[in-house]
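A short worksheet on the structure shown next.
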Number of protein chains: 2
Amino acid sequence: MLMSSPHRPALFRALGDPTRLAIFELLARQEHSVSELVDKFEVTQPAISQHLGALRSVRLVSTRRSGRHAYYRARPEGLKPVIDWLRHYQNFWPEKLVNLKAVLDKSSKENPHAPRH
Amino acid sequence: MLMSSPHRPALFRALGDPTRLAIFELLARQEHSVSELVDKFEVTQPAISQHLGALRSVRLVSTRRSGRHAYYRARPEGLKPVIDWLRHYQNFWPEKLVNLKAVLDKSSKENPHAPRH
DNA sequence: TAAATGTATAAGCAATGGCTTATTGGTTGT
DNA sequence: ACAACCAATAAGCCATTGCTTATACATTTA
């Protein structure tokens, strides 16, 4: 049976913990085994495994077993609900306020510290 | 002094509660007074005020006072850190995995939660 | 087989979060 | 002035969360 997409609050909640978000960001850059992740954070292995379980439960990461190692990587598609949600607002917010496509089109190197008000 | 943008985990956390996310979504569609929000949810006025305080603390909403009423509305710019974060991934994820622009270009009818006009 | 290794799960604990009722402060209307 | 009203804050309660240590399970290695 096809698994349903996690509810948006659950997705946001999964990303709402600093350690867990950092883990996700590492896994977005490249696959890591659990023990590799343990080496990179100040928490114990069970804590890492629990964070991975939380990320897995909202389908933000996938896992692959090889021998006694478990390799995790981010699932970019897992962010689709967030993207859809932003697109949703795109439809009824004044374009000038947040033009998602324009933002996404921008080169990432331009003014990372642009003023906000 | 210029206020700094909230850290991403804090932003995600603010959106990670179902009631608070629903409040934000209402405020994204149109301005509401606190008492109007109270009428739309099953929680008490203090609970609503606390959620609004949480959203305000990460700059996702702004407030305007008029007489004894306080009117809140969403701040689309408050979502910019989320958009920037997604764009960030755009730069090092294989395009086929999550082409944000493509997703944003898709017709909204395949989105089960498309906005009512 | 036994020991070591990698990971997941169990159990418990302190901190946090979201709610409630009670109260306060500020504004409007009589 | 007083009462009614709107919203924010205080204080307390209970559920959840993120961590820990202890343990279980599977795999590899000696």
Side-chain angles (χ1 to χ4, degrees), chain A residues 3 6-27 30-75 78, chain B residues 3 6-27 30-75 78:
Chain A
M3 197 168 219
H7 292 144
R8 274 181 294 256
L11 240 183
F12 285 130
R13 182 177 285 277
L15 298 169
D17 175 78
T19 303
R20 202 155 50 226
L21 181 59
I23 290 174
F24 177 77
E25 290 179 346
L26 264 185
L27 296 179
Q30 73 177 78
E31 189 179 70
H32 287 74
S33 70
V34 175
S35 48
E36 286 168 347
L37 291 173
V38 170
D39 291 343
K40 302 215 175 200
F41 292 90
E42 301 266 301
V43 297
T44 61
Q45 174 267 313
I48 297 290
S49 280
Q50 287 158 19
H51 282 307
L52 291 170
L55 292 170
R56 215 173 34 215
S57 76
V58 295
R59 315 202 64 206
L60 278 171
V61 300
S62 62
T63 189
R64 166 177 81 82
R65 281 209 148 269
S66 174
R68 45 188 174 186
H69 294 260
Y71 294 96
Y72 283 80
R73 62 172 64 191
R75 291 184 68 253
Chain B
M3 196 167 217
H7 292 143
R8 274 183 292 259
L11 240 183
F12 285 131
R13 183 177 284 275
L15 298 169
D17 175 78
T19 302
R20 201 154 52 226
L21 182 58
I23 290 174
F24 177 77
E25 290 179 345
L26 264 185
L27 296 179
Q30 72 176 77
E31 191 180 68
H32 287 72
S33 70
V34 175
S35 48
E36 284 167 348
L37 291 174
V38 170
D39 290 342
K40 302 214 176 204
F41 291 90
E42 301 267 304
V43 296
T44 61
Q45 174 267 314
I48 296 291
S49 280
Q50 287 159 18
H51 282 307
L52 290 170
L55 292 171
R56 213 173 35 218
S57 77
V58 294
R59 316 200 65 208
L60 278 171
V61 301
S62 62
T63 188
R64 167 177 79 81
R65 282 208 149 269
S66 174
R68 45 189 172 186
H69 293 261
Y71 294 96
Y72 283 79
R73 64 172 63 194
R75 291 184 66 254

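Labels below follow one simple rule: chain letters A, B, ... track the order of the sequence lines, proteins then strands, and each chain is numbered from 1. Source: prediction; values computed, not measured.
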Between atom CD1 in A/Ile23 and atom P in D/dG18, what is the gap in whole Å?
11 Å
Whole-Å distance between D/dT29 C1' and A/His69 NE2?
12 Å
Taking the side chain of B/Ser49 as its heavy atoms from C-beta onward, which of D/dT17, C/dT9, D/dA8 lies nearest to it?
D/dA8
Are the side chain of B/Ser49 and the backbone N or O of B/Pro46 linked by a donor-acceptor pair below 3.5 Å?
no
What is the separation between atom CD1 on A/Ile48 and atom P on C/dA8, rounded to the nearest whole Å?
11 Å
Just wondering, do A/Leu37 and A/Leu27 contact through their side chains at under 4.5 Å, heavy atoms?
yes
Separation of D/dA8 P from B/Leu52 CG (nearest whole Å):
7 Å
Using a 3.5 Å cut-off and no angle test, enumerate the donor-acceptor pairs between side-chain atoms of residues 12-23 of chain B and protein atoms at least two apart in sequence or in another chain.
{"unit_1": "B/Arg13", "atom_1": "NE", "unit_2": "A/Gly16", "atom_2": "O", "d": "3.4"}
{"unit_1": "B/Asp17", "atom_1": "OD2", "unit_2": "B/Thr19", "atom_2": "N", "d": "3.2"}
{"unit_1": "B/Asp17", "atom_1": "OD2", "unit_2": "B/Arg20", "atom_2": "N", "d": "3.0"}
{"unit_1": "B/Arg20", "atom_1": "NE", "unit_2": "B/Ala14", "atom_2": "O", "d": "2.8"}
{"unit_1": "B/Arg20", "atom_1": "NH1", "unit_2": "B/His51", "atom_2": "ND1", "d": "3.3"}
{"unit_1": "B/Arg20", "atom_1": "NH2", "unit_2": "B/Arg13", "atom_2": "O", "d": "3.3"}

Let me have a per-nucleotide readout for nucleotides 23-30 of chain C, 5' to 3', with B, S or -, counting only protein heavy atoms under 4.0 Å.
----BB--
Distance in angstrom units between A/Arg13 CZ and C/dT16 C1', rounded
11 Å
With B/Thr63, which residues qualify under side-chain hydrogen bond (donor to acceptor under 3.5 Å, both in side chains), at least two apart?
none
Give a yes or no answer on whether the side chain of B/Arg75 reaches the backbone of B/Arg59 with a donor-acceptor pair at less than 3.5 Å.
yes
Quick one, B/Ile48 and B/Tyr72 - any side-chain contact, counting heavy atoms below 4.5 Å?
no
Among the nucleotides C/dA10, C/dA8, D/dA8, which one has an atom lying closest to any side-chain atom of B/Tyr72?
D/dA8
Could you give the CG-to-C1' distance, from A/Leu15 to D/dT17, as a whole number of Å?
16 Å
If you check the A/Ala70 side chain, which of D/dG18, C/dG6, C/dA8 turns out closest?
C/dA8
Taking the nucleotide of DNA chain D with the closest heavy atom to each, which residue, B/Tyr71 or A/Thr44, is nearer the 5' end?
B/Tyr71
With a 4.5 Å cut-off on side-chain heavy atoms, are B/Ser35 and B/His69 touching?
yes
Applying ring pair (Phe, Tyr, Trp, His ring centres under 6.0 Å), name anything that partners A/His7, two or more places apart in sequence or on another chain.
none
Rounded to whole Å, please give me the gap between CG in A/Leu21 and C1' in D/dT17.
17 Å
Among residues 33-43 of chain A, which residues get a heavy atom nearer than 4.0 Å to DNA chain D?
A/Val43
C/dG18 C1' sits how many Å from B/Asp17 CG, rounded?
7 Å
Distance criterion of 3.5 Å, no angle test: do you see the side chain of A/Gln50 paired donor-to-acceptor with the base of C/dT7?
no
So which pairs with a foot in residues 30-39 of chain B pass salt bridge (charged side-chain N to carboxylate O under 4.0 Å, His left out), sequence neighbours left out?
B/Glu31-B/Arg64, B/Glu31-B/Arg73
Assign A/Ala47 to base, sugar-phosphate, or nothing according to its heavy-atom contacts below 4.0 angstrom with the strands shown.
base
